[in-house]
Amino acid sequence: MRKAILAALTSVAIGATAIVATSSPANAASDYYLAMTEQSSNRVMVWNRNTSWTDANLRWQFTPGTTTGAWANLSDVKFRDTASHGMIALVAASGGKAAIVQVKSGSKKATTANILWQATPGGNPHAIERIPGNGSVVVASSNGYLTLYSPSNANKPSTLAKVQTISFKGAHGALYDPTHKFLWAIGEGRLTPFKISGSGRSTRLSAKNGYISLGTYKNSAGKTVPNLGHDLQPSYTNKDTLFITHTSGVYSVNTWSFRMLKESGTTRVKAYVNQRGGERAWIRGDNKGSRPWASPTVQFFNSAGKATTTKSRSGARFYKVRIWTTAFE
């Protein structure tokens with residue numbers, strides 16, 4: 001079956017008929033937590049979905065202690081579980097940094113003192129992911145490359161070192177797929193599954209199985225250009241589905257058939273997630289101020305994709321929203 005899947009992976013245009021089906025749990029907003037990268041104060045901020053988003057109600061936060069330099073504009077966060085350090089936060093900043101932060105039980109705040117590993121891949125990092133078991137970390141930089149860091153000891157993040165740089169135009173997202181054991185990456189015009197081989201410092205990524213086309217659009221000059229991928233997230237209601245956003249909208253992707261289904265034609269969606277109860281949420285750039293790609297508002301949707309409510313924080317510039325979970329799918 002796996003060989004058949006790999007053989008089937010070719011360039012799939014978004015105009016093709018989609019056959020993705022997603023499950024539909026209850027639509028009611030349940031009691032769960034969301035993490036946001038907030039670029040005005042430059043923090044990762046975690047709140048209960050149903051509380052007021054005030055500092056007093058923060059469940060957890062990470063601050064690098066600066067809004068400038070290599071830590072400027074936190075651009076991604078993911079939470080993962082490790083055998084040696086428990087829960088960790090993977091963070092990336094457009095200024096150039098990427099790091100692993102320990103999430104200590106009972107502690108509501110982390111700083112650079114809690115960093116287990118950091119590097120400066122540069123090139124406007126937009127996403128970060130960790131390969132479980134292997135311990136390697138992948139950073140996607142929008143200037144056009146993926147950087148792979150691998151450890152000499154998988155249980156010691158401090159032993160991570162750069163082992164591979166892969167050209168990948170417009171790299172914006174990276175996500176490990178435990179079902180197929182791929183590392184998915186999204187960028188300009190394509191969503192690509194990378195094969196992972198080796199271990200330790202011999203770990204390598206290879207894109208030998210084709211890619212899924214993101215299609216094209218006409219820019220303001222009337223020129224036809226590739227859609228630029230923005231976000232790449234799992235569905236927590238269907239492990240065979242990914243959610244992606246790009247220039248022309250929001251799509252779900254079936255990881256077996258590699259078909260895409262348009263969820264929304266709304267543009268400027270920078271982050272899109274769904275929760276196990278079925279609720280979905282996005283952040284859409286509002287084209288305002290010095291960070292037009294961000295917004296003070298998170299829009300919520302029911303499991304059918306119908307808009308329901310919004311939540312905002314005055315003065316905030318949210319860029320990414322994530323479900324507070326260590327699960328990959």
Side-chain angles (χ1 to χ4, degrees), residues 20 22-39 44-51 53 59-60 74-80 89-92 126-129 140 172-178 184 186 191 229-246 249-255 260-264 266 268-285 293-313 316-329:
V20 178
T22 56
S23 56
S24 301
N27 294 337
S30 57
D31 190 38
Y32 65 94
Y33 289 84
L34 288 169
M36 272 79 76
T37 58
E38 197 288 298
Q39 296 186 341
V44 173
M45 310 176 84
V46 178
W47 284 287
N48 185 293
R49 180 258 186 264
N50 295 315
T51 63
W53 290 352
R59 168 66 178 81
W60 185 83
L74 288 170
S75 55
D76 192 24
V77 62
K78 294 183 180 73
F79 299 94
R80 298 296 183 231
L90 304 168
V91 295
H126 266 63
I128 182 171
E129 180 60 293
H172 266 65
L175 182 71
Y176 179 73
D177 179 343
W184 292 92
I186 194 169
L191 172 65
H230 285 295
D231 203 17
L232 168 60
Q233 283 290 289
S235 167
Y236 288 110
T237 58
N238 186 335
K239 66 185 182 68
D240 299 328
T241 297
L242 301 176
F243 286 113
I244 67 168
T245 73
H246 63 55
V250 179
Y251 293 78
S252 53
V253 180
N254 185 288
T255 61
M260 298 176 64
L261 173 67
K262 180 181 280 190
E263 302 286 339
S264 171
T266 303
R268 305 197 312 274
V269 178
K270 303 301 183 178
Y272 189 89
V273 296
N274 87 321
Q275 183 261 348
R276 293 199 188 281
E279 187 170 64
R280 306 180 186 187
W282 77 26
I283 292 174
R284 181 176 187 247
W293 55 81
S295 172
T297 302
V298 175
Q299 172 70 60
F300 292 92
F301 304 82
N302 63 20
S303 60
K306 181 179 179 180
T308 54
T309 62
T310 62
K311 293 196 74 169
S312 299
R313 176 179 164 94
R317 301 304 291 166
F318 295 131
Y319 181 59
K320 291 287 179 63
V321 58
R322 299 288 183 246
I323 305 297
W324 168 262
T325 179
T326 60
F328 287 94
E329 56 187 22

Problem set entry | Qualifying residues under side chain to side chain contact (heavy atoms under 4.5 Å, CB included), relative to Ala281, sequence neighbours excluded | Val273, Val298, Phe300

Exercise. Which residues pass the side chain to side chain contact (heavy atoms under 4.5 Å, CB included) test with Thr310, sequence neighbours left out?
Worked result: Thr297, Gln299

Could you tell me the separation between the [atom1] atom of [X] and the [atom2] atom of [Y], rounded to the nearest 0.5 Å?
X	Y	atom1	atom2	result
Lys311	Met36	NZ	CE	8.5 Å
Arg313	Trp47	CZ	CH2	4.5 Å
Phe301	Thr308	CZ	OG1	7.5 Å
Trp282	Asp231	CH2	CG	12.5 Å
Ser235	Glu329	OG	CD	9.5 Å
Leu232	Leu175	CG	CG	5.0 Å

For this session: Look at Arg49 together with Glu279 and state whether they make a salt bridge at an N to O cut-off of under 4.0 Å.
Result: yes

Partner residues of [X] under the side chain to side chain donor-acceptor pair (under 3.5 Å) criterion, sequence neighbours left out:
X	answer
Lys78	Asp76
Tyr272	Arg280
Thr325	none

Are the side chain of [X] and the backbone of [Y] linked by a donor-acceptor contact shorter than 3.5 Å?
X	Y	answer
Gln39	Leu74	yes
Ser75	Ala92	yes
Thr37	Lys320	yes
Arg59	Val46	no
Tyr236	Ala327	yes
Glu129	Tyr176	yes
Trp53	Asn48	yes
Thr245	Val269	yes

Problem set entry | Step-by-step side chain to side chain contact (heavy atoms under 4.5 Å, CB included) determination, Trp184 to Leu191 | CA-CA 7 Å; Trp184 292 92; Leu191 172 65; 3.7 Å; yes

Problem set entry | Any residue meeting ring-ring contact (aromatic ring centres under 6.0 Å, His included) with His172, in chain and number order, not counting sequence neighbours | His126, His230

Which atoms form the tightest heavy-atom contact between [X] and [Y], and what is the distance?
X	Y	result
Tyr251	His246	CE1-NE2, 3.2 Å
Trp293	Lys270	O-CG, 3.3 Å
Ala174	Ala127	N-CB, 3.6 Å

Exercise. Passes side chain to side chain contact (heavy atoms under 4.5 Å, CB included), Asn50 versus Asp31? Steps please.
Worked result: CA-CA 7 Å; Asn50 295 315; Asp31 190 38; 4.2 Å; yes

Problem set entry | Non-hydrogen side-chain atoms of Val77 and Leu90 separated by less than 4.5 Å | no

For this session: Verify side chain to side chain contact (heavy atoms under 4.5 Å, CB included) between Ser295 and Arg284, making sure each step is shown before the conclusion.
Result: CA-CA 6 Å; Ser295 172; Arg284 181 176 187 247; 5.9 Å; no

For this session: Could you check Asn254, Ile186, Thr255 and say which one makes a side chain to side chain contact (heavy atoms under 4.5 Å, CB included) with Leu242?
Result: Thr255

Problem set entry | Phe328 vs Arg80, side chain to side chain contact (heavy atoms under 4.5 Å, CB included): CA-CA, chis, key distance, verdict | CA-CA 8 Å; Phe328 287 94; Arg80 298 296 183 231; 3.1 Å; yes

Problem set entry | Audit row: Phe79, Trp324, ring pair (Phe, Tyr, Trp, His ring centres under 6.0 Å) steps and yes/no | CA-CA 7 Å; Phe79 299 94; Trp324 168 262; 4.7 Å; yes

